[in-house]
Novice: 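Pasting a structure below so you can have a look.
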There are 4 protein chains.
Amino acid sequence: MQETTSEPEQAQPEAGLRDRKKEAKRAAIIAAAQAEFIAHGFAEARLARVAAQAGVAKGTLYLYFDSKEALFDAVLRGALPLIFAPPVAPDPGTPPQVAFRRRLRAAIADMQASGRDKLALIVLSESAQFPGLARIYLEAILEPLFELVRDYARSSGVARLEPLTRYPQLLLAPMLAATMWNRLMTERPPLDLPEMLETHLTLVLGPPEGEPAGVTG
Amino acid sequence: MQETTSEPEQAQPEAGLRDRKKEAKRAAIIAAAQAEFIAHGFAEARLARVAAQAGVAKGTLYLYFDSKEALFDAVLRGALPLIFAPPVAPDPGTPPQVAFRRRLRAAIADMQASGRDKLALIVLSESAQFPGLARIYLEAILEPLFELVRDYARSSGVARLEPLTRYPQLLLAPMLAATMWNRLMTERPPLDLPEMLETHLTLVLGPPEGEPAGVTG
Amino acid sequence: MQETTSEPEQAQPEAGLRDRKKEAKRAAIIAAAQAEFIAHGFAEARLARVAAQAGVAKGTLYLYFDSKEALFDAVLRGALPLIFAPPVAPDPGTPPQVAFRRRLRAAIADMQASGRDKLALIVLSESAQFPGLARIYLEAILEPLFELVRDYARSSGVARLEPLTRYPQLLLAPMLAATMWNRLMTERPPLDLPEMLETHLTLVLGPPEGEPAGVTG
Amino acid sequence: MQETTSEPEQAQPEAGLRDRKKEAKRAAIIAAAQAEFIAHGFAEARLARVAAQAGVAKGTLYLYFDSKEALFDAVLRGALPLIFAPPVAPDPGTPPQVAFRRRLRAAIADMQASGRDKLALIVLSESAQFPGLARIYLEAILEPLFELVRDYARSSGVARLEPLTRYPQLLLAPMLAATMWNRLMTERPPLDLPEMLETHLTLVLGPPEGEPAGVTG
DNA sequence: CATGAATGAGGCTTCATTCAT
DNA sequence: TATGAATGAAGCCTCATTCAT
């Protein structure tokens, strides 16, 4: 139990090193798999490509994951925590509407940048094969967003917005639709997601206030 | 009904009969394939099941379609014309807003009832494999709807709605989202699509007028 | 029901031809598999070799059998009926002891010649993997033999043989042992199975009577 | 317990300790392997399970054995010496027939208790893969038993038993058969091996004498 | 035109064996 | 000496596609 002096902590750091390496490899595999699933969907994803991309042998995948499905599962779960980590500290002082809009913008940008929107699509279309997963995944993604919307609609005190507490989807749907659009309509100029979002929010919620203010006002 | 005499005398009716039979079989195959693709997605669809369902041998599929992809293509194209057949005659005399809302309602109901919403999902998620198809399909479905929205926004003369001429998606997205929701969240009470649509339209367009009329002011 | 004359019954014989071909191929596969299982045991048996030996593609095996285990099962079941088809017609007139001995001799010779003794061994040693099969197989092979022994012991009226009605195994075990011996001790001169059997029967049952009579003349 | 000083001073006792430790580990591996082979046969045996059971890492196995086959070989050879260690001191004074029967009984009981009967089965069925081994193993087990039988048959002076000097198998086969039977027919009441053996010996050799005495004689 | 048996490339997965630590 | 992560050959099996009938 005593501390080793010169060559400190033999077991601990060595195991730590091992574990760190394992964890790094695990992460590499998940990253490679995520790219593969995003590029080809579940059924057409090839574990050989995942292994090659991750720089390991095919068999090595099975040291970390029991099966292709388990790997898919891990990719999804791995993506989950990233989805709604508050992107910027809540910054007290900003009016709620501004914070709300920032939050939505960040969520959109993150989905787009990470490619997780494509994962969501895959889960959607292959939900027949992964029934439980679809529920978990979508709940983990959507429920927090819904709560965000409901909170805002309630706290805003605007009567017109009351329906959003029942159908928070209404506010979020265009983001989903637009993100799909951009992923699919690669031959066209992409939609300007932030602007479109702003437009939609203005359409539904009214013009923004408190923010740097674009127009004169 | 007459027997074919071995000499192609009445080429017309005989060929017509043949063609009708061929066409019927072709239709049966497409119907079976549509069900299969909807139920399992593209990759997991099995031609053996399609053939069995259509009541033909597996080899027979190849007399009508070159490949699994060609069959998928045919299914999609077969579904297209149905999507926007005007469901009810335009019925002159109804105010444009009412007609517009009816049209949207009909489109939604049709998508839902036919299962074509699932087809759309499949195209979405497997668009990497079917790049051209995705474009064609979505354009055929969405463009007419967009045009409908743009027309309405323009002709309404309401300034607030001007953004819809640039982003007609904003009005349609909730329908897409809701249809996906209901397809996936089978464990929960389904969203009431018509009501949700109405809510959304009211939220964006304002309360309906000319129709039975809900609130007053 | 009528006899086929020149070219009658189109469906029947054509289907018959197809079926006959399928049946022939099925038989060829089973034969090839039996040889393979006998040569290498279950786990080391290679379906590639079975297919090659049977003159079919690997995938073809799966048109006839669901899995390697199912093929093994079929091999065993296919071997069963052969095991105790009465080799010669019972020939009334021969005294029961003679008939009994003949029967045993034939059973031994048949097991040896067909290689089914090796199959039995495989079932034995891999019974952990095929629990039900072991029971079925051994019952199908052994129970009839046991019954034969019991019948004889009872009908002989010899008091000394009474234990055989309880332990018919005692009379048959040497045949099992000897057949194993010859299969394993390939480097030694093989046991003369018939003679050994005769010796054993004489040892237990007493000298044969009624048969051509051996030495003296 | 003393620290190794880096200079190999007391090579003898230290090495002895080391050797003992190594030997213990080696024994643990063999024991684990024997259990594994008995439970699953050779092909289905998993070195991972052996290592886990022995409490060592998988790689460690290869410090002691070159390959899975070498380990199997070691298991068999390790089991050999146990098979015919005279279970009770020959005890002079008992009549030969009694000693003989006791010996057989002990051999049977030992095979059963140790699970080595299953090992024998495995060797039998996989003899194609281990040709040399099969011979060695079976000779080591059977030859001593055969000699026992031959000795007895000769020394008994009973003419009827003369065939046993040529076919000692005849006396032993039921034990082999019965041991197999009990291993396989786990769903049925097991054969009472000692009683069956006694029955067989009585059937072939005549009623026992000198022992507690059943009949008078 | 229709059939359905046959094909065979290629996917996922296993596991004895190796090797850097 | 011991570890256990990594390897990669090889097996079983699937299924879109072909072709003789």
Side-chain angles (χ1 to χ4, degrees), chain A residues 10 14-15 17-19 21-22 25-26 29 43-51 54-71, chain B residues 18 21-22 25 43-52 55-71, chain C residues 10 14-15 17-19 21-22 25-26 29 43-51 54-71, chain D residues 18 21-22 25 42-52 54-71:
Chain A
Q10 295 196 335
E14 210 233 325
L17 181 62
R18 280 255 169 113
D19 285 1
K21 271 197 172 178
K22 273 200 75 167
K25 192 156 285 187
R26 187 187 170 83
I29 290 172
E44 288 299 310
R46 294 290 165 255
L47 293 188
R49 279 195 296 246
V50 171
V56 300
K58 255 190 306 173
T60 303
L61 301 180
Y62 288 84
L63 295 179
Y64 294 85
F65 305 99
D66 282 344
S67 65
K68 190 183 183 182
E69 293 205 5
L71 181 54
Chain B
R18 283 244 174 118
K21 273 194 175 177
K22 274 199 66 169
K25 193 163 286 188
E44 289 298 310
R46 295 288 167 258
L47 294 189
R49 281 194 295 246
V50 172
V56 300
K58 248 193 315 175
T60 304
L61 299 180
Y62 287 83
L63 297 176
Y64 292 85
F65 304 98
D66 283 343
S67 67
K68 189 183 184 182
E69 296 204 3
L71 181 54
Chain C
Q10 297 195 333
E14 210 232 325
L17 182 60
R18 281 255 170 113
D19 286 359
K21 271 197 173 179
K22 274 199 74 166
K25 192 158 286 190
R26 187 188 170 82
I29 290 172
E44 289 299 309
R46 295 290 165 255
L47 293 187
R49 280 194 296 246
V50 172
V56 301
K58 255 188 306 174
T60 303
L61 300 180
Y62 289 84
L63 296 178
Y64 293 86
F65 305 99
D66 284 342
S67 65
K68 190 184 182 182
E69 293 205 5
L71 180 54
Chain D
R18 285 242 173 119
K21 274 195 175 177
K22 275 199 66 168
K25 193 163 284 187
F42 179 81
E44 289 298 308
R46 294 290 165 257
L47 293 189
R49 280 194 295 246
V50 171
V56 300
K58 246 194 316 175
T60 304
L61 299 181
Y62 287 83
L63 298 176
Y64 293 84
F65 304 98
D66 283 342
S67 67
K68 190 184 185 183
E69 297 205 2
L71 181 54

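By convention in this document, chain letters (A, B, ...) are assigned in the order of the sequence lines, proteins followed by strands, and residues within each chain are numbered from 1.
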Novice: Which part of the nucleic acid, if any, lies within contact of Leu47(C), taking any heavy atom under 4.0 Å across all strands shown: a base, the sugar-phosphate backbone alone, or nothing?
Specialist: sugar-phosphate
Novice: For dA6(E) and Lys25(C) - does any side-chain N or O of the residue sit under 4.0 Å from the phosphate oxygens OP1/OP2?
Specialist: yes
Novice: Check every strand shown and say whether Ala45(B) touches a base, only sugar-phosphate, or nothing at a heavy-atom separation below 4.0 Å.
Specialist: sugar-phosphate
Novice: How about Leu71(C) and Leu47(C): do any of their side-chain heavy atoms sit closer than 4.5 Å?
Specialist: yes
Novice: Could you state the atom-to-atom distance from NZ of Lys68(B) to P of dT18(F) in whole Å?
Specialist: 15 Å
Novice: Whenever both distances are under 3.5 Å in a Watson-Crick or G-U wobble pair, mark it; put DNA chain E into dot-bracket that way, with [ ] for crossing pairs and | when the partner is on another strand.
Specialist: .||||||||||||||||||||
Novice: Evaluate the side-chain contact (heavy atoms from CB on, under 4.5 Å) criterion for residues Val56(A) and Tyr64(A): first the C-alpha distance (whole Å), next the side-chain angles of each, then the deciding distance (0.1 Å), finally the verdict.
Specialist: CA-CA 11 Å; Val56(A) 300; Tyr64(A) 294 85; over 6 Å; no
Novice: By the 4.0 Å heavy-atom rule, please label Phe65(D) as base, sugar-phosphate, or nothing.
Specialist: nothing
Novice: Need one value for Ala70(A): base, sugar-phosphate or nothing, where a base atom within 4.0 Å counts as base even if backbone is also close, heavy atoms only.
Specialist: nothing
Novice: Just to verify, what does Glu69(B) make a salt bridge (charged side-chain N to carboxylate O under 4.0 Å, His left out) with, not counting sequence neighbours?
Specialist: none
Novice: Taking OP1 and OP2 of dG11(E), is either one under 4.0 Å from a side-chain nitrogen or oxygen of Arg46(A)?
Specialist: yes
Novice: So Lys58(A), base contact, sugar-phosphate only, or nothing? Heavy-atom distance under 4.0 Å.
Specialist: base
